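What follows is a single structure, written as structure tokens, with notes after it.
All figures in this text were calculated on a predicted structure; none of them were measured in a lab.
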Amino acid sequence: AGLLMAEIAKLNNIIVDDSDIEKGLGELAEETGKNVARLRAEYRDPQRRQMLIGMIRVMIAAGDLEQAKGMMTAAPEHIAKDPKFAAARTSIDLAEQAQHAGDMIALERQISANPDNLDLRYDYAEACFAKGLKDEAIDALIAIIRINRTWNEDKAKTRLLQYFEAWGFADPASVAGRRKLSTLLFS
């Protein structure tokens, strides 16, 4: 029993008192705070934000819409609020819809036979968008607006604006398309 009491006495000398525990916890909290601040700064970095949006656009262009949607879902909230991020979301929506676009050649023939059929023209614009033919998609929607400005509750104008957003408002096709739309609407 004496030997056991001697060992317990040695252990009591090793036990850290409360002030040491408080000091250790304070150091841990300080280090954790520094790491959290560093991570927040990295996420707020505009280059990282642009990189994430760029990666999402690459996934969309590659046709990997599921990966793009996963990246969007995992994005931090402050990045998700970025207007360019909203444009990427629009791009995904349009790309999903474009997967169901019709055959362009067949649509061109049908439009030639029935040029006043605005539904065919709209489907043609969607097919052009799906194939990356920006100017043709714009022209098809402008043609609808020229024939009937308010067709289907402004469906053509709304889609055109979505294209501009998806491509980015500084994209040359968007700039030219906005000019065409303005000329048509304000002439």
Side-chain angles (χ1 to χ4, degrees), residues 38-104 107-108 111 118-187:
R38 180 182 52 78
L39 288 172
R40 283 187 180 141
E42 284 179 10
Y43 273 123
R44 284 185 169 68
D45 180 0
Q47 287 181 333
R48 289 194 185 272
R49 184 178 305 181
Q50 290 305 106
M51 184 178 68
L52 177 61
I53 293 168
M55 288 171 44
I56 291 169
R57 288 195 174 279
V58 167
M59 293 294 119
I60 295 167
D64 193 349
L65 301 180
E66 292 306 313
Q67 179 72 21
K69 287 194 289 190
M71 292 172 75
M72 292 192 79
T73 301
E77 182 179 340
H78 68 278
I79 292 177
K81 291 180 180 178
D82 187 297
K84 291 180 181 171
F85 197 79
R89 183 173 292 113
T90 299
S91 294
I92 289 176
D93 294 342
L94 291 172
E96 286 179 326
Q97 293 170 17
Q99 290 176 338
H100 308 292
D103 175 30
M104 288 180 56
L107 288 168
E108 286 172 345
I111 291 170
L118 302 183
D119 289 310
L120 288 173
R121 288 182 180 275
Y122 186 85
D123 291 345
Y124 179 74
E126 293 286 276
C128 290
F129 177 84
K131 302 278 190 246
L133 303 171
K134 295 177 181 181
D135 293 333
E136 291 84 348
I138 290 169
D139 290 343
L141 292 174
I142 292 288
I144 293 170
I145 297 167
R146 185 174 289 117
I147 294 168
N148 183 344
R149 285 189 186 196
T150 59
W151 171 76
N152 211 352
E153 298 180 10
D154 290 327
K155 187 175 181 178
K157 185 170 63 173
T158 300
R159 180 60 89 202
L160 191 55
L161 296 174
Q162 289 173 335
Y163 287 174
F164 298 159
E165 181 183 13
W167 296 327
F169 292 107
D171 182 279
S174 294
V175 172
R178 286 194 329 263
R179 194 173 300 120
K180 288 178 182 180
L181 181 61
S182 294
T183 299
L184 176 63
L185 295 178
F186 301 111
S187 62

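Here the closest heavy-atom approach between residue Ala173 and residue Ile138 is recorded as O-CD1, 3.2 Å. In plain terms, the two heavy atoms of Gly177 and Phe164 that are nearest each other are C-CZ, 3.3 Å. Residue Leu184 comes nearest to Ile142 through the heavy atom pair CD2-O, 3.8 Å, listed as atom of the first residue, atom of the second, then distance. Glu108 approaches Tyr124 most closely through the heavy-atom pair OE2-OH, 2.9 Å. Here the shortest heavy-atom pairing between Leu120 and Leu107 reads CD2-CD2, 4.0 Å. Between Ala75 and Leu52, the closest heavy-atom pair is CB-CD2, 3.8 Å.
Residues that satisfy the side chain to side chain contact (heavy atoms under 4.5 Å, CB included) test with Val58, not counting sequence neighbours, are absent from this structure. Residues passing the ring pair (Phe, Tyr, Trp, His ring centres under 6.0 Å) test with Tyr122, sequence neighbours excluded: Trp151. Every side-chain hydrogen bond (donor to acceptor under 3.5 Å, both in side chains) that Glu77 has, sequence neighbours left out, goes to Lys81. When the ring pair (Phe, Tyr, Trp, His ring centres under 6.0 Å) test is applied to Tyr163, the partners found at least two apart in sequence or on another chain are Phe129, Trp167. Partners of Ala68 according to the side chain to side chain contact (heavy atoms under 4.5 Å, CB included) rule, which considers only residues two or more places apart in sequence or in another chain, are Ile56, Met59, Ile60, Ile92. Applying the side chain to side chain contact (heavy atoms under 4.5 Å, CB included) test to Glu66 and every residue at least two apart in sequence or in another chain returns Asp64, Lys69.
Between the side chain of Arg178 and the backbone N or O of Phe169 there is at least one donor-acceptor pair closer than 3.5 Å. A distance-only check finds no donor-acceptor pair linking the side chain of Arg57 to the backbone of Ser91 [under 3.5 Å]. In this structure, Ser174 contributes its side chain and Ala170 its backbone to no donor-acceptor pair below 3.5 Å.
Partner Asp139 forms a salt bridge (Lys or Arg N to Asp or Glu O under 4.0 Å) with one of Arg146, Arg121, Lys180 and no other, that one being Lys180.
Remark: Met72 CE to Ile53 CD1 distance equals 8.0 Å, nearest 0.5 Å. Taken to the nearest 0.5 Å, the CG atom of Asp154 stands 11.5 Å off from the CG atom of Leu160. Atom OG1 of Thr90 and atom CD of Glu165 lie 3.5 Å apart (nearest 0.5 Å). Separating the CG atom in Leu65 from the CG atom in Asp93 is a distance of 10.0 Å, to the nearest 0.5 Å.
In this structure the side chain of Leu181 reaches within 4.5 angstrom of the side chain of Leu161, judged on heavy atoms. For the pair Gln97/Gln162, no side-chain contact is recorded, criterion being any heavy-atom separation below 4.5 Å from C-beta on. Side-chain atoms of Met104 and Leu133, non-hydrogen and from C-beta on, do get closer than 4.5 Å to each other. Looking only at side-chain heavy atoms (C-beta outward), Asn152 and Leu118 stay at 4.5 Å or farther from each other.
More than 12 heavy atoms of other residues, nucleotides or ligands sit less than 6.0 Å from atom NZ of Lys134.
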